[in-house]
Number of protein chains: 2
Amino acid sequence: MAPARRSVVDDSVTRTALLDATEALMLEEGYAAVTTRRLAQRAGVNNGLVYYYFGTMDGLYIALFRRGAERSLARLKEALQSPQPLWALWELTRDFSSNALTMEFIALANHRKAIRAEIGAYSRKFRMLQLEALSDVLAGYGLDPQRWPPASLLVLLSAVSRFLHIEDAFDVDIGHAELVAVIEREIRALEGERRPTEQDALAGSTG
Amino acid sequence: MAPARRSVVDDSVTRTALLDATEALMLEEGYAAVTTRRLAQRAGVNNGLVYYYFGTMDGLYIALFRRGAERSLARLKEALQSPQPLWALWELTRDFSSNALTMEFIALANHRKAIRAEIGAYSRKFRMLQLEALSDVLAGYGLDPQRWPPASLLVLLSAVSRFLHIEDAFDVDIGHAELVAVIEREIRALEGERRPTEQDALAGSTG
DNA sequence: GTCTATAGCTGGATAGAC
DNA sequence: GTCTATCCAGCTATAGAC
């Protein structure tokens, strides 16, 4: 098992092609469409190479998840340094691109125990990063931490963006616009009108 | 296809046993564990009977989803007639039993287009029922419908309960208790302290 | 209605040549 | 590193006996 574990480099062209093919297949047809044969066809290589590079299918999934999680982590750190971190965080969590793949991984984790721990660990890391960065910011906005604990508001933002995305997939949108309006009104009350900065624009196109 | 479509009765012992086995397998091991062979083994019948009763695997899933959705619909209607409908709705959506199976169906719908429409239709039905029942109630509580549109609050409750359940599966609970406390405080402000009534107790054990 | 038997396919994974 | 070839398992679905 786990033959030829890649070094820290991880920059093989074939390896990257397999990860890209996995991501594309998961987004287009769901994780169930990801088979070694279809990957090989799409990446233009042989299916045996999946085992050479990743050992098992679980290894493949975890490698892909980490690649995406590390990218999101970088985007999160950028957002939290924005002059309007609440706005930046809200826009980041609402971003479709990272959400779609995450939903596939959540579904996958239902019966792939190996990646469940991986997702949990990164989720905790994300939450803690947000909490450390925003606790003081929210207090600075005059928010009573007893009445509105920072952690509760962060969970709320994540919950809403994730849920709206789920329902979108089912063509359900009753109340969505109203809820988004309420949330953005409350963010505006704390942080003022959204002012796109060069830094934000950069973070949006880079991350 | 779809041989021997059951009549309105749907009360065959074997058919029910197959549905029960499907539900149990989905909850215990995820929908991927639901194969005709494992179903047959669990229900103590032959795997060919799946096709006799449901035509295809999709037919089986849809039949199970509808059975659960109709039960939930009945529970929702009861909850909305409670003297404290907000409390009753919150507790209903937080209930684990219906949530766990729903999550599996959401995952399943990612690559089973047939049941996607089914879930969407029922979701819209649920949302509209809640909206019709609670719009006047919320106005009666003195809530400004311009500032806090009923639909936005209903989506919020659904989003939070669903999201907390998802994260629970990954052993992530940072901020959960805080958010629940905030929500229940706000419900309390509108509807007063939770008073379990006989009707609520009945709905809890029946539905 | 329920069974046995099996066709027909697809998948994960491995061995070994180059 | 990449390939061919293959083993073996598991699945959906159907045919047909009872």
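Each chain gets a letter, A, B and so on, in the order the sequences are listed, and its residues count up from 1.
- Positionally, the nearest nucleotide of DNA chain C for B:Asn47 lies more toward the 5' end than for the other of A:Met57 and B:Asn47.
- Across B:Leu89 and B:Ala79, no two heavy atoms sit closer than the pair N-CB, 4.5 Å.
- To the nearest angstrom, P of D:dC3 lies 14 Å from CD of A:Gln41.
- Here the side chain of A:Asn46 is nearest to one of D:dC11, D:dA13, D:dC3, namely D:dC3.
- In this structure, A:Tyr53 places its OH atom 18 Å from P of C:dT14, rounding to the nearest Å.
- In this structure, of C:dG11, C:dT2, D:dC3, it is C:dG11 that holds the atom nearest to the side chain of A:Arg38.
- Listed nucleotides: C:dA13, D:dT14, C:dG11. Nearest to the side chain of A:Tyr51: C:dA13.
- If you take OH of A:Tyr52 and C1' of D:dG1, they are 5 Å apart, rounded to a whole angstrom.
- Between the two ends of the helix from C:dG1-D:dC18 to C:dC18-D:dG1, each summarised by a five-pair axis, the helix axis turns through 0° (rounded to 10 degrees).
- Closest approach of B:Pro85 and B:Leu80 over heavy atoms only: CB-O, 3.9 Å.
- Within 6.0 Å of CD on A:Glu186 lie more than 12 heavy atoms contributed by other residues, nucleotides or ligands.
- Summarising the geometry, atom CG belonging to A:Leu86 is positioned 12.0 Å from atom CD belonging to A:Glu184; distances are rounded to the nearest 0.5 Å.
- Phosphate contact (OP1/OP2 of D:dT2, side-chain N/O of A:Thr14, threshold under 4.0 Å): present.
- When each of A:Leu19, A:Asn47, A:Leu25 is paired with A:Leu39, the side chain to side chain contact (heavy atoms under 4.5 Å, CB included) condition holds for A:Leu25 and for no other.
- Around CZ of A:Arg66, the count of heavy atoms belonging to other residues, nucleotides or ligands within 6.0 Å does not exceed 12.
- Of the residues near DNA chain D, A:Val45 and A:Arg37, the one whose nearest nucleotide (by heavy atom distance) lies more toward the 5' end is A:Val45.
- Among the protein residues, A:Val13 comes within range of no part of the nucleic acid, since none of its heavy atoms lies under 4.0 Å from any strand.
- Separating the CG atom of A:Leu49 from the P atom of C:dC18 is a distance of 18 Å, rounded to the nearest angstrom.
- Within 6.0 Å of CD on B:Gln41 lie no more than 12 heavy atoms contributed by other residues, nucleotides or ligands.
- Checking D:dA13, C:dG12, C:dT2 against every side-chain atom of B:Thr56, the shortest atom distance belongs to D:dA13.
- At the phosphate of C:dG12, OP1 or OP2 sits under 4.0 Å from a side-chain N or O atom of A:Thr36.
- B:Leu25 places its CG atom 11 Å from the P atom of D:dC11, with the value rounded to the nearest Å.
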